[in-house]
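In what follows, a single structure is set out as structure tokens and then discussed.
Residue numbers start from 1 in every chain, and the chains themselves are labelled A, B, ... in the order their sequence lines are given, proteins ahead of strands.
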Amino acid sequence: MLKEAREALAGSLEKSYHLAAELGELPLVSQLPEIVLERTREKKYGDCATNWAMLLARPLGLPPRRIAETLARNMPHTDGLLERTEVAGPGFVNFFLAPGAWWQTLRRIQNEGSHFGDSALGQGKRLQIEFVSANPTGPLNVVNARAATVGDVLARIAEKSGYKVEKEYYINDEGSQIENLGRSVEVRLLELLGRDAALGEDDYHGEYVKDLARQALSENQQLAEEPSEKGRRFLADFALGRIIAGQKLDLADFGVEFHVWFSQKSLGDEIQKTIDYLAQKGYTYEKDGAVWFASQRFGDDQDRVLVREDGRPTYFAADVTYHKNKLDRGFDFLINIWGPDHHGYITRLKAAVQALGYPEGTLEVILVQLVTLVEGGRQVRMSKRAGKLVSLRDLIEEVGRDAARFFFAMRHRDSHLEFDLDLARMQTEENPLYYVQYAHARICSILRKGAEAGIFLSSGETDYSPLCEEETLDLLKLLSTFPDLVQECAQKMEPHHLTRYAQDLASAFHGFYTRFRVLGEEPPVTHARLCLADAVRLVLAEICRLLGVIAPEHM
RNA sequence: GCGCCCGUAGCUCAGCUGGAUAGAGCAGCGGACUUCUAAUCCGCGGGUCGGCGGUUCGACUCCGCCCGGGCGCUCCA
């Protein structure tokens, strides 16, 4: 139900208490517990219920059921909102709303359109979400794809919830993994030239490295000469450029666009400045020839090295600098999305953000768990070392962008995700994505058929009173929970509720569709049902937009 | 050894800051197309919520201890 209706009910309940107190039916106390109206799980308990009487039992010194009965009896009339109240169980007050309460929802959706469900939760605060940020040493894989989906969907949800959102990708284009990449390409190049060379354990074994070597050679024939430092540098830069370009392209085809691609290399001397800044604040010290950050002061279980004995800054030092850079850009909140292998890293980075002078909670790190691919009832074996990973590109080609995104958004981000490739490929009812999309297409079809017959959505006031059957009201009730749902997703930073709701809404509509006709009824009935169908269409389309999948008009 | 995540129906998973008889999808079985798309709908079965204690009117949910699975505990990134 809508927030307005909830607030109205809570207000009436409090009035009821004061009325009862005036009549001497209940003792008067000054401190009242907060009224919480919760959705009921079962219809027989009404549309919503409150445990307020149970909370009042102690302060009033009366049995909760008696309080509940008194409150229910004294409920003032709430112009057309409430049908009746009941007292049940240990002292719940159950509210049964009148149809008019649900018709309000429809009016709202008609007025607000795709803005239905928008909120001011974020108060215009600037939020940056950094995600994927994979090493630029190979194509993006399925775990990156999951992170990409979660990050992108969360960004859309946050935007709808009143945040100003920027999406950013951090390119780790510096460090030993880049050296390894350059060497790996060089080995493959030497192989192409028929010379002796072998990959080391830390090198990249994937097929794409051979491709890179081939492309580099055709681009720069001088590479066929004796190996040189210059040639080596060319190879590393060439590979890096190609890989990053490939990642950008894959993500774009996956529907994920970043506002900023931030190069680690570009931090340059900011790293030293950041270390100096921390030193000046007294958060660093020297030990064993290294410079340490006193992260234990901020709850870390050990201090961390910023500058190695040999004078090179650690990756951590660069990361602290990067986060200082982000904060200097004026963001109010930072969200990082990482894989589970980085979780030991969270405390020290949060410590750094606090050391830089920002309150706890400025940085939140979300971990997205691993993905298992299943095909033909069997797990698809993947090995990073051997370079046998299913890439994001493969996934897009295999199951399509929409199915991949929907499936990645479907599970709680903290749970391992089993991705059934066969199911994702299916274009039948078993596939939840098609189930949802079909509901949308069906409604579009009704609207088209209506338009052909000269029946259009009325722009003015609609008489909703024909919408009174149980299934119809159920559909309306579900629609009215959408704003709460979006807020829940935003607050908990959990996108998966969205897919579940989409399935529920599609299911409710399919049921409605089977039971009732929209077109061909008496004009008032047809008009009212057309409004309802269109409202469902709008909400489904909005969910698809948030998920980044297509809401098809035909199927 | 320490820390984090997970353990719910045959399978994959929900379960909203503690609420009433724990839900959905898939798989299984049985029905429904002369009507706006049957890519759909309706019905049926299925559970010691990993285990044991604790907190309270009430626990899948909170706390403690175990069991099982995953991951992390570098002057690597």
Side-chain angles (χ1 to χ4, degrees), chain A residues 36 38-42 44-45 49 51 54 57-58 63-64 88-92 94 135 137 172 174-178 180 202 264 287-292 301-302 304-310 312-319 339-347 367 369-370 374 377 410-420 423 426-432 434-435 437-439 441-450 452-453 455 481 484-485 488 491-492 494 496-497 499-500 503-504 506-507 509-521 526 529-530 533 554-555:
Chain A
V36 178
E38 46 196 19
R39 292 207 290 281
T40 48
R41 204 165 283 175
E42 287 189 58
K44 66 173 172 181
Y45 299 127
N51 62 347
M54 279 131 97
R58 196 180 287 267
F92 288 103
N94 297 334
N135 278 341
T137 53
N172 296 277
E174 202 170 47
S176 56
Q177 81 278 8
I178 299 302
N180 294 349
D202 289 336
Q264 180 184 341
K287 193 183 83 179
D288 304 331
V291 178
W292 296 71
D301 52 6
Q302 54 180 286
R304 308 290 170 177
V305 171
L306 290 168
V307 184
R308 299 179 180 92
E309 215 176 339
D310 63 11
R312 287 156 51 230
T314 57
Y315 175 82
F316 176 59
D319 221 7
D341 51 333
H342 284 70
H343 98 254
Y345 208 79
I346 298 175
T347 320
L367 294 185
Q369 294 292 328
L370 298 174
V374 174
M410 214 159 42
R411 298 288 175 245
H412 188 111
R413 28 160 248 261
D414 258 356
S415 298
H416 288 226
L417 183 147
E418 188 159 302
F419 194 113
D420 188 333
L423 184 61
M426 268 182 222
Q427 306 210 351
T428 65
E429 55 179 319
E430 292 113 293
N431 186 335
Y434 286 92
Y435 185 80
Q437 290 183 322
Y438 180 48
R442 252 187 166 173
I443 298 171
C444 290
S445 172
I446 295 174
L447 292 169
R448 274 195 306 272
K449 278 269 155 56
E452 282 167 23
I455 302 164
T481 64
D484 284 346
L485 177 93
E488 189 190 348
Q491 268 161 344
K492 296 167 138 184
E494 293 176 349
H496 72 280
H497 306 284
T499 55
R500 187 172 199 79
Q503 294 178 76
D504 288 345
S507 172
F509 179 77
H510 286 311
F512 168 84
Y513 178 92
T514 308
R515 185 106 165 64
F516 304 104
R517 287 192 59 80
V518 175
L519 303 175
E521 301 285 332
T526 286
R529 287 185 182 161
L530 206 57
H554 303 268
M555 284 185 83

Exercise. Within the structure shown, what part of the strands sits under 4.0 Å from A:N135 by heavy-atom distance: base, sugar-phosphate, or nothing?
Worked result: sugar-phosphate
For this session: Go ahead and write out RNA chain B as dot-bracket, 5' to 3': ( ) for pairs within the strand, [ ] for ones crossing earlier pairs, | when the partner sits on another strand, dots for unpaired; Watson-Crick or G-U wobble, both distances under 3.5 Å.
Result: (((((.(..((((.....[...)))).(((((.......))))).....(((((..]....)))))).)))))....
Problem set entry | side chain to side chain contact (heavy atoms under 4.5 Å, CB included) involving A:N180 - partner list, sequence neighbours excluded | A:R183, A:D202, A:D203, A:Y204
Seminar exercise, completed: Sorted by chain and residue number, the ring-ring contact (aromatic ring centres under 6.0 Å, His included) partners of A:Y315 (sequence neighbours excluded) come out as none
Problem set entry | Syn/anti label of B:rC65 as read from its glycosidic torsion, with the cut at 90° from 0 | anti
Exercise. Is any side-chain nitrogen or oxygen of A:Y513 closer than 4.0 Å to OP1 or OP2 of B:rA38?
Worked result: yes
For this session: Specify the closest pair of heavy atoms between A:A49 and A:T40, including all atoms of both residues, with the distance to one decimal.
Result: CB-CG2, 3.6 Å
Any N/O pairs under 3.5 Å between the protein and nucleotides 28-35 of chain B? List them or say none.
unit_1	atom_1	unit_2	atom_2	d
B:rU35	O2'	A:R517	NH1	2.4

Exercise. If you find the nucleotide of RNA chain B closest to A:M54 and the one closest to A:L447, which residue's nucleotide is nearer the 5' end?
Worked result: A:M54
For this session: Give one of base, sugar-phosphate or nothing for A:H496, where a contact means two heavy atoms less than 4.0 Å apart.
Result: sugar-phosphate
For this session: Mark this stacking check for A:H510 against B:rA38 as yes or no, applying ring centres under 5.5 Å and ring planes under 30°.
Result: no
For this session: Scan A:A88 against the nucleic acid and name what it touches under 4.0 Å (heavy atoms): base, sugar-phosphate only, or nothing.
Result: base
For this session: Give me the ring orientation class for A:H342 and A:Y345: parallel if the planes are under 30° apart, tilted from 30 to 60°, perpendicular past 60°.
Result: perpendicular
For this session: Please confirm whether any donor atom in the side chain of A:N94 sits under 3.5 Å from an acceptor in the base of B:rA20, or the reverse.
Result: yes
Exercise. Under 4.0 angstrom, heavy atoms only, what part of the nucleic acid is A:E309 near: base, sugar-phosphate, or nothing?
Worked result: base
For this session: Mind checking A:F516 for me? I need base, sugar-phosphate or nothing, with any heavy atom below 4.0 Å counting as a touch.
Result: base
Problem set entry | For A:L306 against A:A317, the heavy-atom pair lying closest together | O-CB, 3.4 Å
For this session: Nearest-nucleotide wise, let me know which of A:P340 and A:T514 is further upstream toward the 5' end of RNA chain B.
Result: A:T514
Problem set entry | With A:R515 via salt bridge (charged side-chain N to carboxylate O under 4.0 Å, His left out) - residues at least two apart | A:E471
Exercise. Is the aromatic ring centre of A:F92 closer than 5.5 Å to the centre of the six-membered base ring of B:rG19, with the two planes inclined by less than 30°?
Worked result: no
Exercise. Which is true for A:A533 with a 4.0 Å heavy-atom rule: it touches a base, it touches only sugar-phosphate, or it touches nothing?
Worked result: nothing
Problem set entry | Nearest listed nucleotide, side chain of A:E488, among B:rG15, B:rC16, B:rA77 | B:rC16
Report all interatomic pairs (protein N or O, nucleotide N or O of nucleotides 4-7 of chain B) with separations under 3.5 Å.
unit_1	atom_1	unit_2	atom_2	d
B:rC5	O2'	A:D414	O	2.9

For this session: Using a heavy-atom cut-off of under 4.0 Å over every strand shown, decide if A:Y345 touches base, sugar-phosphate, or nothing.
Result: base
Exercise. NA contact type, A:A453, heavy-atom cut-off 4.0 Å: base, sugar-phosphate, or nothing?
Worked result: nothing
Problem set entry | Out of B:rU74, B:rA77, B:rA39, whichever nucleotide has its closest atom nearest the side chain of A:Q302 | B:rU74
Exercise. Can you say whether the rings of A:H496 and A:H412 are parallel (under 30°), tilted (30 to 60°) or perpendicular (over 60°)?
Worked result: tilted
Exercise. Donor-acceptor pair, A:R529 side chain versus A:R517 backbone, under 3.5 Å?
Worked result: yes
For this session: Report yes if a donor N or O on one partner sits less than 3.5 Å from an acceptor N or O on the other, where the partners are the side chain of A:N51 and the base of B:rG19; otherwise report no.
Result: yes
